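Proteins get letters first, then strands, A, B, ... in listed order; numbering begins at 1 in each. Worth saying up front: this structure is predicted, and the values here are computed from it rather than measured.
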Protein chains: 2
Amino acid sequence: MRYSRLMAVDRDHVLRTAATLLTRKATATMDEVAKAAGISRATLHRHFAGRDALVRALESLGIAECEAALDTARLDDGPARDAVYRLVREIEPAAGLLAFLYTENQLFEGDTLNAGWARIDDRMAALFRRGQQSGEFRIDLSPLWLTEALYGLLGSAAWAVAEGRVARNDFTHMIVGLLLGGALRREES
Amino acid sequence: MRYSRLMAVDRDHVLRTAATLLTRKATATMDEVAKAAGISRATLHRHFAGRDALVRALESLGIAECEAALDTARLDDGPARDAVYRLVREIEPAAGLLAFLYTENQLFEGDTLNAGWARIDDRMAALFRRGQQSGEFRIDLSPLWLTEALYGLLGSAAWAVAEGRVARNDFTHMIVGLLLGGALRREES
DNA sequence: CGCATGTGAGACGTTGATGTCTCATGTTGG
DNA sequence: CCAACATGAGACATCAACGTCTCACATGCG
């Protein structure tokens with residue numbers, strides 16, 4: 001397919017809409033996804049060969065947004081705690097999508113999961129390791145666990161916000177306040 | 001049904017097995033659940049009218065184990081931080097099941113969810129509130145968020161342990177170390 | 001205006017899981 | 001031994017979602 005002239009359907013818009021819907025209802029049908037995007041199921045299927053392909057595309061989107069957040073947050077600059085704050089702030093818009101992909105990845109079981117996640121995990125773990133080496137963070141909690149914990153907190157917070165149990169404005173402060181308070185060696189917010 | 005004399009199939013054993021399997025693969029088939037429990041699908045269906053009934057039963061089991069952990073941990077005794085430690089320690093065996101139910105509940109959407117969860121949430125939030133009032137915990141993180149965060153950390157840790165990325169022995173220390181370090185007002189492990 | 005192309009609507013067959021049923025088997029209690 | 005009962009195995013229909021297909025319509029371009 002070439003889509004040289006006509007392209008009424010914005011592939012990116014479909015992905016965003018699907019992400020929003022699947023974040024709220026992970027078992028949404030292809031029909032529902034299409035409806036949510038304002039297109040027909042046939043058209044949806046023309047752009048994404050199937051549900052798998054759609055999820056893969058969402059995975060790529062999630063990875064891209066994560067890496068963009070990692071870049072923007074400049075994890076290597078300044079105190080590690082500030083870098084964590086910037087990271088959470090930048091990654092917030094993608095938190096819902098991440099939570100969806102996080103649970104979805106559990107279904108892959110044996111399949112080799114996208115190498116992008118490994119890179120992202122490494123960069124996050126490197127940030128925590130840097131904080132430990134600089135003396136900012138405790139050393140009795142492994143960078144790997146801190147990374148996992150960050151994912152968990154992002155998911156919990158995203159879900160709590162979506163459910164209306166907590167205010168969206170508190171998102172970053174809640175996560176960083178809790179994560180850093182636990183990761184920092186000394187008291188301080 | 002009366003099951004007065006014969007009862008070769010242990011209902012509780014089936015539930016435990018199903019919990020273990022569904023924790024690892026949330027989309028497991030009724031066939032797989034039956035296989036895992038060592039019984040036939042027909043028998044499984046005799047004990048649990050359908051998949052919904054099975055999930056409901058697992059939910060009841062999860063609630064029961066949670067409340068048992070809450071009781072055993074004696075949340076009202078001594079420093080709140082010690083109570084949190086006891087709680088996490090007691091709730092560890094059920095963490096995998098909780099993670100499964102947590103994501104499963106997201107599917108209920110509009111349905112009224114089991115009132116048991118509200119009671120459990122209240123008891124956990126009450127513990128954090130007690131810690132705040134006694135001056136042990138920060139007050140800029142709401143008890144509600146701390147409760148949600150605890151769920152998220154339990155899920156992350158349970159999954160990380162299941163994946164073999166972290167040692168099971170570190171479970172309690174990882175969670176309490178991070179959660180309390182963030183919730184405690186002062187430094188200290 | 002013709003022509004091409006993307007789209008919507010819907011029909012159709014397929015697949016996988018489910019729920020229900022029957023029947024043979026084995027085991028327990030009287 | 002005999003009767004009752006739970007189980008295993010399998011057949012069967014149902015249903016929902018999927019993937020594929022066709023056709024009519026509209027919109028852009030020459």
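- Residue A:L44 contributes atom CG, which lies 13 Å from atom P of D:dT20 at whole-angstrom precision.
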Practice prompt. Do nucleotides 13-25 of chain C as a string where each nucleotide becomes B, S or -: B if the base has a protein heavy atom under 4.0 Å, S if just the sugar-phosphate does, - if no protein is that close.
Written response: ----SBBB-B---
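- In terms of phosphate contacts, A:H47 brings no side-chain nitrogen or oxygen within less than 4.0 Å of OP1 or OP2 of C:dG6.
- In terms of phosphate contacts, B:S40 brings a side-chain nitrogen or oxygen within less than 4.0 Å of OP1 or OP2 of D:dG8.
- In this view, A:E90 satisfies the salt bridge (charged side-chain N to carboxylate O under 4.0 Å, His left out) rule with no residue, not counting sequence neighbours.
- Among residues at least two apart or in separate chains, salt bridge (Lys or Arg N to Asp or Glu O under 4.0 Å) pairs with a member in residues 148-176 of chain A are A:E148-B:R165, A:E163-A:R165, A:R165-B:E148.
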Practice prompt. Begin from the C-alpha positions of B:R89 and B:D82 and carry the test salt bridge (charged side-chain N to carboxylate O under 4.0 Å, His left out) through to its verdict.
Written response: CA-CA 11 Å; B:R89 177 164 44 99; B:D82 296 340; over 6 Å; no
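- A side chain to side chain contact (heavy atoms under 4.5 Å, CB included) with B:L127 is found for one member of B:T147, B:D122, B:V84 and no other, namely B:V84.
- The residues B:E32 and B:K25 are annotated as salt-bridged, a charged nitrogen and a carboxylate oxygen being separated by less than 4.0 angstrom.
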